[in-house]
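The block underneath contains the structure these notes are about, expressed in structure tokens.
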There are 2 protein chains.
Amino acid sequence: MFQQIKTMFSKSCEYAIKAMIFVAQKSKEEQRVGIKEIAKGTDAPEHFMAKIMQDLSRRKLIHSAKGPNGGFYMDASDLKNSIADIVKAIDGDTIYKDCVLGLKECSEKNPCPVHFEFKEIKKNLIKMIENNTLAAFNEKLDSGKFFLRNK
Amino acid sequence: MFQQIKTMFSKSCEYAIKAMIFVAQKSKEEQRVGIKEIAKGTDAPEHFMAKIMQDLSRRKLIHSAKGPNGGFYMDASDLKNSIADIVKAIDGDTIYKDCVLGLKECSEKNPCPVHFEFKEIKKNLIKMIENNTLAAFNEKLDSGKFFLRNK
DNA sequence: ATAATAAAAGATAAAAAACTCTTTTATTAT
DNA sequence: ATAATAAAAGAGTTTTTTATCTTTTATTAT
Ligand code: FES
Ligand code: FES
């Protein structure tokens, strides 16, 4: 039988958000962060995380430098990215567009039975992830009251 | 590279919700609904849907009868089940308990950076799926303004 | 009793997601 | 120039999810 574990985002996306927050924190003073440090700091498998970072880099959500003293870092404009930007880069915009019950199209014309119930929920969810930028997190997290790993 | 398609529920769970709504509609007058009809009516692969129905049946969310004139059906008490009951049966209670960023524990003591932001969203989501019973859908859907398939 | 029906169960198969290992490329410092 | 570093890219493997096919069991009607 099946044992599904279904969370809001894909594992890749979870890692991506954690990594972005992690690097944002360290990027405050021109520091670069290596993939090993990122993986450790976020409880993610190193090589898998590397792929995700490459992806985020390709999509211009983060900067990277090769060679000694290289690593990942963010500039001021990178810090303006929101959780939504990360989610869109990794999981795509399915939470924006897709029908909750998997109909081919989510529309007001052909709504599934739960369309209107979920409309409001989705609106709030989207608003939240769009309003929360990495810069905003940076401030909040300086208090040290939040965690990216716990074992 | 990856192209994730991440929706709120697993495919199994989407099918389960659709099937439950489908059977609820047909169960109004002691009708039994065969697996073929359910699969067709919900755009789901027949044998896969069969597994899901067995699962729902084992978990007492729906009744079934073998043999001629057999099929799936609901009694009054089955109609009291909510979307939440279906989700819990198929996807488990991860949306209740799990950390959005995948920390081992979701807690106020060790909150991840998005914990408090998502708290409210999750609360609304849970409230919604708990408040929407199949019986409630049945009334609403009689208007014929909702769809379980569209191709 | 027998045949027909339909769900239940079992066993694979295909596809997607998650994860690992190896090689290459760019950069820096010696 | 050379060696060391670290990201990028390539090429897998493993696990989970989704889907299909086959056999069995229970029920009904003849
Ligand atoms: S049609 Fe299903 S959520 Fe819009
Ligand atoms: S700790 Fe992450 S959502 Fe609660």
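So that the names make sense, note that chain A is the first sequence line, chain B the second, and so on, each numbered from 1.
Within the shown strands, C/dA26 is the pairing partner of D/dT5 under the Watson-Crick or G-U definition, both distances less than 3.5 Å. When Watson-Crick and G-U wobble pairs are counted only if both distances are under 3.5 Å, C/dA17 pairs with D/dT14.
For the pair A/Ser12 and C/dA18, the criterion of a side-chain N or O lying under 4.0 Å from OP1 or OP2 is met. Within the 4.0 Å cut-off from OP1 or OP2 of C/dA7, not a single side-chain nitrogen or oxygen of B/Ser57 is found. In terms of phosphate contacts, A/Arg32 brings no side-chain nitrogen or oxygen within less than 4.0 Å of OP1 or OP2 of D/dA6. B/Asn69 has no side-chain polar atom (N or O) that falls below the 4.0 Å cut-off from OP1 or OP2 of C/dT5. For the OP1/OP2 pair of D/dA8 and a distance below 4.0 Å, the side-chain nitrogens and oxygens of A/Ser64 include at least one atom meeting the criterion.
Map A/Ala65 and A/Met49 each onto its nearest nucleotide of DNA chain C; the residue landing nearer the 5' end is A/Met49. If you find the closest nucleotide of DNA chain C to A/His47 and to A/Gly67, the one lying nearer the 5' end belongs to A/His47.
Using a 4.0 Å heavy-atom criterion, one finds that A/Ala50 contacts no nucleic acid atom at all.
The two atoms that bring B/Tyr73 and B/Gln31 nearest to each other are CB-O, 3.6 Å, heavy atoms only.
Judged purely by atom type and a 3.5 angstrom limit, B/Asp85 has no side-chain atom pairing as donor or acceptor with the backbone of B/Leu61.
Which of D/dT25, D/dA9, C/dC19 sits closest to the side chain of A/Tyr15 comes down to C/dC19. Nearest nucleotide to the side chain of B/Pro68, out of C/dA8, D/dA8, C/dT5: C/dT5.
With hydrogens and angles ignored, no donor-acceptor pair under 3.5 angstrom links the side chain of B/Lys51 to the base of D/dA19.
Contact of the A/Val114 side chain with the A/Leu101 side chain is registered, since non-hydrogen atoms from C-beta on lie closer than 4.5 Å. The shortest distance between side-chain heavy atoms of A/Glu105 and A/Lys97 does not fall below 4.5 Å.
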